[in-house]
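Please read the structure below before turning to the comments.
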Amino acid sequence: MSELQTDAATSARMGRVRQRDTLPELAVRRAVRELGIRFRVQNRDLPGSPDLANRRRRFAVLVHGCFWHRHRGCCAATTPKRNRAFWEQKFAANQARDRRVVRQLRLLGFRVMVIWECETKDERALSRRVRAFFGRVQDAPNAKSPRTGHACGM
């Protein structure tokens, strides 16, 4: 990766970016909890450390930030103009890691759902999506999770 050039203000701003307990993650937890589905949030022993997982029921939920994970077509998936080469490499590495993590989880027998940050803005749509995923987990373990569009209301 190319060297990142930062100033003190940029460094301080990036240091404030949360990695755990983000608002999108809390919204997903709330939607899953409303269905009475039990899960754990400390999953460092699973590939990619899923945001929510249940080993017995074999599901993992990954909540991705649209900027960091490059949600295709989303207005939040911008690329900074400064240090552009660095950011492009970083984003490409993030996307490759995301694909690898999903593949590894599926090889372990987990059903995987990726929820994008912008999808958590509409509570009703999020609830429907979560309900559809968990209905399939219970009823048909090999069914694929539905693909949804995104609401770029960020």
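Numbering of residues begins at 1 and proceeds along the displayed sequence. The structure displayed is predicted, hence computed values, not measured ones.
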Can Arg29 and Glu25 be said to form a salt bridge (Lys or Arg N to Asp or Glu O under 4.0 Å), step by step?
CA-CA 6 Å; Arg29 286 185 204 171; Glu25 186 179 328; 2.5 Å; yes
To the nearest 0.5 Å, how far apart are [atom1] in [X] and [atom2] in [Y]?
| X | Y | atom1 | atom2 | value |
| --- | --- | --- | --- | --- |
| Asn94 | Asp98 | CG | CG | 6.5 Å |
| Asn83 | Glu88 | CG | CD | 11.0 Å |
| Arg100 | Arg103 | CZ | CZ | 8.0 Å |
| Thr78 | Phe91 | OG1 | CZ | 7.0 Å |
| Arg33 | Leu26 | CZ | CG | 8.5 Å |
| His71 | Cys118 | NE2 | SG | 5.0 Å |

Mind checking what makes side-chain hydrogen bond (donor to acceptor under 3.5 Å, both in side chains) contact with Thr79, not counting sequence neighbours?
Arg70
Answer whether the closest heavy-atom distance between the side chains of [X] and [Y] falls below 4.5 Å.
| X | Y | result |
| --- | --- | --- |
| Asp21 | Val41 | no |
| Thr120 | Leu23 | no |
| Val28 | Asp51 | no |
| Arg111 | Phe133 | yes |
| Ile37 | Asn54 | no |
| Gln104 | Phe110 | no |
| Arg97 | His69 | yes |
| Val130 | Ile115 | yes |

For the rings on Phe39 and Phe59, is their centre-to-centre separation under 6.0 Å?
no
What are the two closest non-hydrogen atoms of [X] and [Y], and how far apart are they?
| X | Y | answer |
| --- | --- | --- |
| Leu62 | Gly48 | CD2-O, 4.5 Å |
| Trp116 | Gly65 | CZ3-O, 4.0 Å |
| Ala53 | Leu46 | CB-CD1, 3.8 Å |
| Leu105 | Ala60 | CD1-CB, 4.0 Å |

So that I can tick it off, tell me whether Asp45 and Arg55 are bridged by a salt bridge, with the cut-off set at under 4.0 angstrom between side-chain N and carboxylate O.
yes
I'd like to check the salt bridge (Lys or Arg N to Asp or Glu O under 4.0 Å) partners of Arg38; sequence neighbours left out, ordered by chain and number.
none
Answer yes or no: are there more than 12 heavy-atom neighbours, outside Glu123 itself, under 6.0 Å from its atom CD?
no
Answer yes or no: does atom CZ of Arg84 have more than 12 heavy-atom neighbours from other residues, nucleotides or ligands under 6.0 Å?
yes
Counting distance only, does the side-chain N/O of Arg58 pair as donor-acceptor with the main-chain N or O of Leu108 below 3.5 Å?
yes
In sequence, state the C-alpha distance, the side-chain angles, and the governing distance for Trp68 and Lys90, and then conclude on side-chain contact (heavy atoms from CB on, under 4.5 Å).
CA-CA 9 Å; Trp68 294 105; Lys90 168 113 179 104; 4.0 Å; yes
